[in-house]
Peer 1: 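Got a structure here, written out as structure tokens. Questions coming.
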Amino acid sequence: MSMRPDESLQLGALYDALRTPAPMPADPRQLTGWMARLEADAALSGLISRVLNTGTATTGEVTDAQALFDRSGSAADPARVAKAYEVLLHHAE
């Protein structure tokens with residue numbers, strides 16, 4: 001099943017937003033959470049890139065990345081990220 005143009009645009013816009021990570025916090029106590037969000041965002045942006053460029057991701061890969069988001073959050077809007085995961089899961093193999 002191929003991705004609709006609006007879904008591709010949505011994922012591409014989120015990918016662009018995730019390419020610039022949130023600045024490192026000044027307070028060292030916030031560093032662990034920041035690093036966890038950075039990891040979750042990197043997992044999502046990697047999946048988006050792969051899906052948009054080669055069209056493939058497995059359900060396991062998407063659910064693993066989504067679990068990181070569920071635990072750690074994202075620097076991006078959570079509703080936008082949740083919608084992206086819906087699209088990715090819909091198109092996962």
Side-chain angles (χ1 to χ4, degrees):
M1 173 186 327
S2 66
M3 191 172 290
R4 296 186 329 249
D6 64 309
E7 292 173 327
S8 294
L9 289 172
Q10 172 192 353
L11 291 178
L14 181 56
Y15 175 81
D16 287 341
L18 292 172
R19 286 184 45 190
T20 305
M24 187 165 46
D27 184 347
R29 293 173 294 183
Q30 296 174 339
L31 190 57
T32 300
W34 175 81
M35 289 175 61
R37 284 186 302 280
L38 193 65
E39 178 184 15
D41 287 346
L44 175 56
S45 63
L47 281 175
I48 290 172
S49 176
R50 189 155 33 104
V51 166
L52 292 178
N53 289 305
T54 66
T56 61
T58 67
T59 301
E61 291 169 327
V62 176
T63 56
D64 286 349
Q66 188 171 19
L68 284 173
F69 164 67
D70 291 343
R71 280 192 309 271
S72 306
S74 175
D77 175 51
R80 222 173 139 191
V81 172
K83 181 64 179 162
Y85 277 115
E86 287 177 22
V87 170
L88 290 169
L89 279 171
H90 181 73
H91 294 284
E93 299 177 345

Peer 1: Measuring from atom CG of Leu31 to atom CE of Met24, what distance do you get when rounded to the nearest 0.5 angstrom?
Peer 2: 6.5 Å
Peer 1: Got a second to check how far Thr32's OG1 is from Arg37's CZ, nearest 0.5 Å?
Peer 2: 10.0 Å
Peer 1: Answer yes if the side chains of Glu7 and His91 hold a donor-acceptor pair under 3.5 Å, and no otherwise.
Peer 2: yes
Peer 1: What's the spacing between Arg50 CZ and Glu61 CD if we round to 0.5 Å?
Peer 2: 4.0 Å
Peer 1: In sequence, state the C-alpha distance, the side-chain angles, and the governing distance for Leu52 and Ser8, and then conclude on side-chain contact (heavy atoms from CB on, under 4.5 Å).
Peer 2: CA-CA 7 Å; Leu52 292 178; Ser8 294; 4.1 Å; yes
Peer 1: Hey, could you give me the OG1/CZ distance between Thr63 and Phe69, rounded to the nearest 0.5 Å?
Peer 2: 14.5 Å
Peer 1: Closest approach of Gly73 and Asp41, non-hydrogen atoms and distance?
Peer 2: O-OD1, 4.3 Å
Peer 1: Mind running side-chain contact (heavy atoms from CB on, under 4.5 Å) on Glu93 and Thr56 for me, showing each step along the way?
Peer 2: CA-CA 7 Å; Glu93 299 177 345; Thr56 61; 3.4 Å; yes
Peer 1: According to a hydrophobic-cluster definition based on side-chain heavy atoms being under 4.5 Å apart (Ile, Leu, Val, Met, Phe, Trp, Tyr only), do Leu38 and Val81 belong together?
Peer 2: no
Peer 1: Side chains of Gln66 and Asp70: does their closest heavy-atom pair fall under 4.5 Å?
Peer 2: yes
Peer 1: Taking all non-hydrogen atoms of both residues into account, name the closest pair between Ala92 and Thr58 and its distance.
Peer 2: CB-C, 3.8 Å
Peer 1: Determine, using the 4.5 Å side-chain heavy-atom cutoff (strictly less than), whether Val87 and Leu9 are members of one ILVMFWY cluster.
Peer 2: no
Peer 1: State, to 0.1 Å, how close Ser45 and Ala42 come at their nearest heavy-atom pair, and which atoms those are.
Peer 2: OG-O, 3.1 Å
Peer 1: Could you state whether Leu89 and Leu68 fall into the same hydrophobic cluster, counting links through intermediate Ile, Leu, Val, Met, Phe, Trp or Tyr residues with side-chain heavy atoms under 4.5 angstrom apart?
Peer 2: no
Peer 1: How long is the span from the CH2 atom in Trp34 to the CG atom in Asp27, to the nearest 0.5 Å?
Peer 2: 13.5 Å
Peer 1: Is Thr54 close to Ser49 at the side-chain level, that is, under 4.5 Å between some pair of heavy atoms?
Peer 2: no
Peer 1: Considering non-hydrogen atoms only, spot the tightest contact between Leu47 and Leu88 and give its length.
Peer 2: CB-CD1, 4.4 Å
Peer 1: I need the Arg19 CZ to Ile48 CD1 distance, nearest 0.5 Å.
Peer 2: 12.0 Å
Peer 1: Check step by step if side-chain contact (heavy atoms from CB on, under 4.5 Å) holds for Tyr85 and Leu44.
Peer 2: CA-CA 8 Å; Tyr85 277 115; Leu44 175 56; 3.5 Å; yes
